[in-house]
Amino acid sequence: MSQPRRSPHDSYETETTDHQTETETILLKHLPLNPDSPSPLQRDAHLQFLIRNLIQGFPSRYISQDASQPWLLYWTLQSFSIMGVALDPDNKQKAIDTIMALQHPEGGFGGGPGQAAHLLPTYAAVCALAIVGRPGPGGGWDQIDREKMYKFFLSVKQPDGAFLVAHHAEVDVRGTYCLLVTAHLLNMLTPELLEGIPGFIMSCQTYEGGFSCASQPYFSPEPDGPPTLLDSPRPPLGEAHGGYTFCSLASWVMLQPYLALQKPSLQRSSLNFKTLLRWLVQMQGSETELGGFRGRTNKLVDGCYSWWVGGCFALLSSLGIVGAHGRDDGHESSRANEEDESWDDIDDSVWDRAALQRYILCAGQHPAGGLRDKPPKPADSYHTLYCLAGLSSAQHNVFLSSTRRDAIVRNWKTPAESMHEQLRQACFLHSLSWTEEEGASRILGAQNNRMNATHPVFNLTMTHTENIMVHFYKQTVPSRPRKT
């Protein structure tokens, strides 16, 4: 196989160009001889890496993650789930007890015992409980104080629709995403909570097309005058970033039922999807970079953006922006009579799913177990999950199914009369209508490389998402067809 061309160089040496050249040199050493036969997924090594962390505890260097303890559990537990591994009852109970010890007495979860409530570890704690929790005493789900959590959410809500991530902390769109996911899973959505969020999300989109962490909501006409809340435009604060972009776009997808219920006079303009799609596509690295994703313009590729950027394409598809929307059960697939199992996705011209899988398998795996940013960096829990989630998103086409939605509607128990009840029903249906398209998976290399499909918005398996939402919404959903 011939060596791919290096990135163009203008002969002006900078620290950035030096890092790019060095990274390409290292990545080229991991380029497989046959691009269709990359390194196999070292499942046993990765499982041992995760088990060591869960059972024996994390290495001493993880002391820096003391305020992220729910995240460490979520990254570990969801990695097991994506690889199709279930925990035994004893370790599930230990995980539940650990998480519940982090619940703040005034609502929400902190990053560690006795730490302040914070939107980001609240999301991680609830998602971890979705995986290992259960109803009843000691199961975690019924011990979540939802009333106090809702009060905590309102206490950090800002006049422009943004949220502080914690009391006396900063505004960050990642906090908005974490709050929305938590509120969806726990049946805590109200018009009061969602008011103003769409405008805030729109204000974070930068001229590049991606999203920054926040925007400037105030303007003072005089140096010492009172601040005035801006309606539009609100200047974005910071550059477009993969993590902020995923959280903004996923939040926008979650807001669709709320926006659909608004009066036409209150429905505002949407995001600039043209510039967003262009920016996302430009984040995928060249053949020299093995097709990995970077998180910002002119930065290095990094395995975690396999999810933060690669995962955005399924979200765009659900909004009708890119192809491969999926086909409902019972509809004949255009691939049904094709004998050729080559890469034929209709959105291959938008992003390269095979190349992303190649990057994760060839450059993302650490020889000692776990996954990483890129060689020669060490593996860690964060990159292990988001590399595996990115691998899953590149393998499966998960789409919003009208057939699945109609089946769930028929099982809905209570009449949707009030605005609150209509919102509650609409968000339940929207969240649980995601379906994996049968026969559309494209696995690069051996079938052992296959990951479970994960929810494109929540990053939980479909089973875990349904179980926790069915419990908190007090509904039932029809079973999904068994895969053959």
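Atoms CD1 and CZ, from Ile360 and Phe293 in turn, are 9.5 Å apart once rounded to the nearest 0.5 Å. One distance of note links CG of Leu280 with SG of Cys312; it measures 5.0 Å at 0.5 Å rounding. Here the CD1-CG distance, from Ile82 to Leu391, works out to 9.0 Å after rounding to the nearest 0.5 Å. Taking OG1 of Thr176 as the reference point, atom CG of Leu119 lies at 8.0 Å (rounded to 0.5 Å). For the atom pair CG (Leu185) and CD1 (Ile144), the distance works out to 9.5 Å, reported to the nearest 0.5 Å. Taking CD1 of Ile443 as the reference point, atom CG of Leu41 lies at 11.0 Å (rounded to 0.5 Å).
In this structure, a donor-acceptor pair under 3.5 Å is present between the side chains of Gln93 and Asp97. A donor atom on one side chain and an acceptor atom on the other are not found under 3.5 Å apart for Gln20 and Arg6. Checked by atom type, the side-chain pair Asn53/Thr76 shows no donor-acceptor distance below 3.5 Å. Under the 3.5 Å distance criterion, with hydrogens and angles disregarded, a donor-acceptor pair is assigned to the side chains of His383 and Asp302. In this structure, a donor-acceptor pair under 3.5 Å is present between the side chains of Asn272 and Thr275.
Between the side chain of Gln103 and the backbone N or O of Gln143, at least one donor-acceptor pair lies under 3.5 Å. With hydrogens and angles ignored, the 3.5 Å screen pairs a side-chain donor or acceptor of Gln365 with a backbone N or O of Pro40. Side-chain atoms of Thr435 come within 3.5 Å of backbone atoms of Ser433 as a donor-acceptor pair (strictly under, hydrogens ignored). Distance alone, capped at 3.5 Å, is enough to place a donor-acceptor pair between the Arg358 side chain and the Pro35 backbone. The closest donor-acceptor contact from the side chain of His471 to the backbone of Asn467 lies at 3.5 Å or more, if one exists at all. Thr461 places a side-chain N or O within 3.5 Å of a backbone atom of His464 that can act as its donor or acceptor partner. With hydrogens and angles disregarded, a donor-acceptor distance shorter than 3.5 Å links the side chain of Ser212 to the backbone of Cys204. In this structure, Arg372 contributes its side chain and Ala363 its backbone to a donor-acceptor pair below 3.5 Å. Between the side chain of Ser393 and the main chain of Gly390, a donor-acceptor pair closer than 3.5 Å is present. At distances below 3.5 Å, at least one donor-acceptor pair connects side-chain atoms of Arg43 with backbone N or O atoms of Asn448.
Note: Phe399 and Trp434 fail the aromatic proximity criterion, with ring centroids not under 6.0 Å apart. With ring centers used as reference points, His241 lies under 6.0 Å from Tyr305. The ring of Phe211 has its center no closer than 6.0 angstrom to the ring center of Tyr244. Aromatic ring centres of Tyr123 and Tyr177: separated by under 6.0 Å.
By the 4.5 Å heavy-atom criterion applied to side chains, Tyr258 and Leu189 are not counted as neighbours. A heavy-atom distance below 4.5 Å is not found between the side chains of Gln78 and Trp75. Using a 4.5 Å cut-off on side-chain heavy atoms (C-beta onward), Asn397 and Arg442 make no contact. Using a 4.5 Å heavy-atom threshold, the side chains of Met188 and Phe153 count as touching. Contact check for Gln282 versus Thr297: no side-chain heavy atoms found under the 4.5 Å cut-off. The side-chain heavy atoms of Asp66 and Gln69, taken from C-beta on, include a pair separated by under 4.5 Å. Side chains of Phe246 and Val309 form no contact here, defined as non-hydrogen atoms less than 4.5 Å apart. Here the side chains of Trp307 and Cys387 are not in contact, with every heavy-atom distance at 4.5 Å or above.
Annotation: side-chain hydrogen bond (donor to acceptor under 3.5 Å, both in side chains) contacts of Thr16 (sequence neighbours excluded): none.
Scanning both residues, Leu356 and Trp351, for their nearest heavy atoms gives CD2-CZ3, 3.6 Å. In this structure, Ala130 and Leu460 approach most closely via the heavy-atom pair CB-CD1, 3.9 Å. Shown here for Leu432 and Met469, the closest heavy-atom pair between the two residues is CD2-SD, 3.8 Å. In this structure, Asn449 and Leu444 approach most closely via the heavy-atom pair ND2-O, 2.9 Å. Across all their heavy atoms, Phe458 and Thr465 have their closest contact at CD1-CG2, 3.6 Å. In terms of heavy atoms, Met254 sits closest to Val457 at CG-CG1, 3.6 Å.
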Take Arg450 and Glu436 through the test salt bridge (charged side-chain N to carboxylate O under 4.0 Å, His left out) and record every step on the way to the result.
-> CA-CA 14 Å; Arg450 188 186 190 280; Glu436 179 186 356; 3.3 Å; yes

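Electrostatic pairing of Arg480 and Glu466 counts as a salt bridge here, judged by a charged N lying under 4.0 Å from a carboxylate O. Between Glu289 and Arg294 a salt bridge is recorded (basic side-chain N to carboxylate O distance below 4.0 Å).
Aromatic ring orientation, Phe472 versus Trp141: tilted (interplanar angle from 30° to 60°).
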